[in-house]
Structure formats: C-alpha cells, structure tokens
**Q** 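Questions regarding the structure given below will be posed in turn.
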Amino acid sequence: MAYSHFQNGFSNGVTLRGLPLQQVQPGKVCFVGNSTTVVEGGIGGSNGNKGSYQQPFGTLDYAIGRCTAGRGDVIFVLPGHAETISSATALNLDVAGVAIIGLGVGTSRPTFTLDTATTTTIPVSAANITVSNCVFTANFADIVSVFTLTTAKNFCLDNVFVKATSTNMNFLYVIDTDATTANADGLTVINCEWIEPDTATLSFVKCDGTNDNWYFQDGYLGLGVNNNKAALIEIAAGKILTNAIVDGVSVYRLNTDTATGALLITTNGTTNTGIIRHCHLQHADTAGELIVTASSGFGFIDNRMSGVAGASAYLLPAADS
C-alpha cells in the first residue's frame, strides 16, 4: 500500500475525507529503528536512509544531528530499537527543542544500554529537550548517571524506565546536574520508574547547583539506597531548590536508615521553597522517618509512610518529617 506524504507539513490545516486535521507540531519528523522487524514496505534502519517511517535512521545520535534547534523537531524511535552507549560522547542531546518519543510498550520499548565505564553517560547540553517512553539500562558497575545536564533548562523525562541489568550493574543517579545556578531550571520528571537493587545507588537526581521550578509527578522508585541518601533528590551543600513540586511519588526503600537521613530529599539549605504532597513511602527507618532534612523550607501536604513491613501507611503529622 502506498503512503501519502506531506513533506512540508500542513501549517494551514488539511481535510482528509471530510475530517479537518491540524498540524500539531511545526518541526521536522524523523524515525529511528534498527529492529529486524520492519514496517510493511520498509527496510532496516541505517544512517544512510532518509529517516522516514519506512526508511528509518539507525541511531538516535545521527537523528539528533539532522534536527534544527528551536524548530520543534520530533524523533520517533520505533519498537524493538536497541542501542549500546559506551562513552560520554556516543549519544549527545545537544539540539534545543527536540522531542524523542519511543514507540511500543513493555519490552518492545526502545532500549538504551550504558556500559564500559563509570563515566559513560548521555550529556544534555541544550534546552527544552524531552525524552519519552524509553528504557535505559546499566551494564557496568556504578555508572555515575544516565543523563548529565549542562545548560539544559526544561529537560523532561516522561514515562521513562531505568533499571539495572543485575545487582552489580547499576547507576548511582539517573540525572546529574552541574553546579552553575539555573542551568537545570524547569526540570520535569513525569511517571518514571527506577528499579535499582544495588546498595551503591544514591539518588534519582544529584542537584549540584541552585535551580528553580522543578516538577516531579507520580512515578515509582524501588531502591536499595545507601543509608542517609535520599531516594529522589540530593541537593548539594549550600545550594537550594525554589518553587519545586513533588506530587504523588511512591518510594520503596530496601535498607535501614538512621535518624540523620532523609527518605526523599536531602539538603542543608533552609530557604528551599515548594510543596511535597501526596507521596507514599515504604521504608525501614523506624528511628527518624524524615521525608526531607529538617528545617528545609519546603511545605508538606498529605504525605504517608510506613516503616513496618506489611503495615498500612499513616499520615505524617509534622513539617520536615
């Protein structure tokens, strides 16, 4: 069956069989896929292809290089696509405004495996980049982070699954920011999942600089986190978060913490601002039960936790706890 093509889009709208359609994004659309299962009438993925649905590119980095900053380009990654990332330069998210959208469900989602060295990572060095519906796995011990952010405002992870390939093949963080103020403003994490049994695991985000307007919604963290390391955000000494919202995050922590630790966020700042609400935590910290380090400045609404296996969670009664 032949496909119809609108190579230049339809910015003024189009009607197909009496149904009006409006172009929902202004940029270029391309496809990436190296699965041996190809679409009807298609060929296998290659960077020598056109990057169309039937002739997809072979690697994500090549597709990003075909994009134009600020145009609103979209890269669809086809079901069954798999890439191995073995250095800090193999895949760079360095074109502003690009959306990377994985297609498929479950094990058919596009999968990116990081290996070879602890320094292997995916640098993000442009603003307004989104990654959605992809899987990222560790195949090396104590890889520092999946993503390393520099000048990466409004980076968004949506429905992303992060996991270890085994107990000793793990990430320490999912996101590592740099120390420059405001470089990671607008970070958004929606409905993501991190399953990490290794006790070397640290936090989902390492916040090395002062940043504003972070938003976390839903998602699940199943972690064997080190004692006194927060599951969600580790804020560096002397840095703060302002206007942050953490909403509906669920955490299952596998280890025992001491009273000096915090289960969700650690900070030594007292002027953080924002709301932590509707979070649920199962843990083994029967001594302290702190969601966030005391006197942090954050507000708390309707958070529940349980430090006893098999016991229902209860509403926490006090601020910073």
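Bear in mind that the values here come from a model prediction, so they are computed numbers and not experimental data. Numbering of residues begins at 1 and proceeds along the displayed sequence.
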**Q** Mind jotting down which residue pairs meet the side-chain hydrogen bond (donor to acceptor under 3.5 Å, both in side chains) criterion with at least one end in residues 230-249? Sequence neighbours excluded, please.
**A** Tyr173-Glu234, Asp212-Thr242, Asp212-Asn243, Asp247-Arg277
**Q** Could you walk me through whether Ile301 and Ile275 pass the side-chain contact (heavy atoms from CB on, under 4.5 Å) check?
**A** CA-CA 7 Å; Ile301 300 174; Ile275 296 293; 4.0 Å; yes
**Q** Looking at Asn49 and Phe57, what are the two nearest heavy atoms and their distance?
**A** O-CE2, 3.2 Å
**Q** Distance from Met169 atom CE to Thr137 atom OG1, nearest 0.5 Å?
**A**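 Between atom CE of Met169 and atom OG1 of Thr137 there are 11.0 Å.
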**Q** Can you classify the ring geometry of Phe112 versus Phe136 as parallel (below 30°), tilted (30 to 60°) or perpendicular (above 60°)?
**A**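 Parallel, since the angle between the ring planes stays under 30°.
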**Q** Given the rule in the side-chain hydrogen bond (donor to acceptor under 3.5 Å, both in side chains) test, do Asp115 and Ser86 qualify, once you have shown the distances and angles that lead to the verdict?
**A** CA-CA 5 Å; Asp115 66 4; Ser86 300; 2.7 Å; yes
**Q** Any chance you could measure Thr121, atom OG1, to Leu149, atom CG, to the nearest 0.5 Å?
**A** 9.0 Å
**Q** What's the shortest heavy-atom distance between Thr266 and Ala262, and which atoms?
**A**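 Looking at all heavy atoms of both residues, the closest pair is CG2-CB, 3.9 Å.
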**Q** Work out which heavy atom in Thr68 is nearest to a heavy atom in Asp73; give both atom names and the distance.
**A**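 Of all heavy-atom pairs spanning Thr68 and Asp73, the closest is N-OD2, 2.8 Å.
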**Q** Going by atom types only, do Ser132 and Asn159 share a side-chain donor-acceptor pair under 3.5 Å?
**A** no
**Q** If we only count heavy atoms from C-beta on, is the Asp218 to Tyr220 side-chain gap below 4.5 Å?
**A**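 They are not in contact (no side-chain heavy atoms under 4.5 Å apart), so the answer is no.
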**Q** Measure the spacing between CG of Asn133 and OG of Ser108 and express it to the nearest 0.5 Å.
**A**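 The OG atom of Ser108 is 8.0 Å from CG of Asn133, to the nearest 0.5 Å.
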**Q** Indicate yes or no: at least one non-hydrogen side-chain atom of Thr111 is less than 4.5 angstrom from one of Thr113.
**A**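 A side-chain contact under 4.5 Å exists here.
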**Q** Got Asp302 and Leu315 here, is their nearest side-chain heavy-atom distance under 4.5 Å?
**A** yes
**Q** Hey, what do you get for CG (Leu78) to CZ (Arg109), rounding to the nearest 0.5 Å?
**A**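 Reported value, rounded in 0.5 Å steps: 15.5 Å.
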**Q** Determine the minimum heavy-atom distance between Asp178 and Asn183, stating which atoms define it.
**A** OD2-ND2, 2.9 Å
**Q** Stepwise, does the side-chain contact (heavy atoms from CB on, under 4.5 Å) test hold for Leu241 with Cys207?
**A** CA-CA 9 Å; Leu241 282 180; Cys207 178; 4.0 Å; yes
**Q** Out of curiosity, Asp185 CG to Asn211 CG, how far, rounded to the nearest 0.5 Å?
**A**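 The distance works out to 5.0 Å.
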**Q** Is the backbone of Gly42 close enough, under 3.5 Å, to the side chain of Gln55 for a donor and an acceptor to pair up by distance?
**A** no
**Q** So do Leu281 and Ile291 actually touch side chain to side chain, heavy atoms under 4.5 Å?
**A** yes
**Q** Verify whether one side chain among Thr150 and Ser125 offers a donor that lies under 3.5 Å from an acceptor in the other.
**A**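 Their side chains do not contain a donor-acceptor pair, so the 3.5 Å distance test is not met.
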**Q** Of all the heavy-atom pairs spanning Thr120 and Ile143, show the shortest one and how long it is.
**A** O-CG2, 3.2 Å
**Q** Got Phe300 and Cys279 here, is their nearest side-chain heavy-atom distance under 4.5 Å?
**A** no
**Q** Tell me, do Ile75 and Val98 make a side-chain contact under 4.5 Å, heavy atoms counted?
**A** yes
**Q** Does any non-hydrogen side-chain atom of Val251 lie less than 4.5 Å from one of Leu232?
**A**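 Leu232 does not reach Val251 side chain to side chain.
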**Q** Looking at every heavy atom in both Ile100 and Val77, which two are closest together, and how far apart are they?
**A** CG2-CG2, 3.9 Å
**Q** Linking Ile, Leu, Val, Met, Phe, Trp and Tyr by side-chain heavy atoms under 4.5 Å, what else ends up with Ile240?
**A** none
**Q** Under 3.5 Å, is there a donor on one side chain and an acceptor on the other for Asp158 and Asn191?
**A**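 Looking only at side-chain atoms, Asn191 and Asp158 do not form any donor-acceptor pair under 3.5 Å.
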**Q** Could you pull out all residues at least two apart from Phe204 that satisfy ring-ring contact (aromatic ring centres under 6.0 Å, His included)?
**A**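 Testing Phe204 for ring-ring contact (aromatic ring centres under 6.0 Å, His included), a comparison that skips the adjacent residues, returns Trp194.
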**Q** Determine whether the side chains of Ser296 and Thr293 contain a donor N or O and an acceptor N or O closer than 3.5 Å.
**A**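 Absent: no donor and acceptor within the cut-off.
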**Q** Determine, stepwise, if the pair Thr116 / Phe140 fulfils side-chain contact (heavy atoms from CB on, under 4.5 Å).
**A** CA-CA 6 Å; Thr116 302; Phe140 195 82; 5.5 Å; no
**Q** Would Val160 and Val131 satisfy side-chain contact (heavy atoms from CB on, under 4.5 Å), going step by step from the backbone distance to the final call?
**A** CA-CA 8 Å; Val160 163; Val131 179; 4.3 Å; yes
**Q** Do Asn139 and Thr165 pair up side chain to side chain, a donor and an acceptor below 3.5 Å, judged on atom types alone?
**A** yes
**Q** So do Thr188 and Leu157 actually touch side chain to side chain, heavy atoms under 4.5 Å?
**A**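 In short, these two side chains do not touch, never coming nearer than 4.5 Å.
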**Q** Do Thr201 and Asn170 have a side chain donor and acceptor closer than 3.5 Å?
**A** no
**Q** In Å and rounded to the nearest 0.5 Å, what is the CG to CD1 distance from Asp61 to Ile85?
**A** 8.0 Å
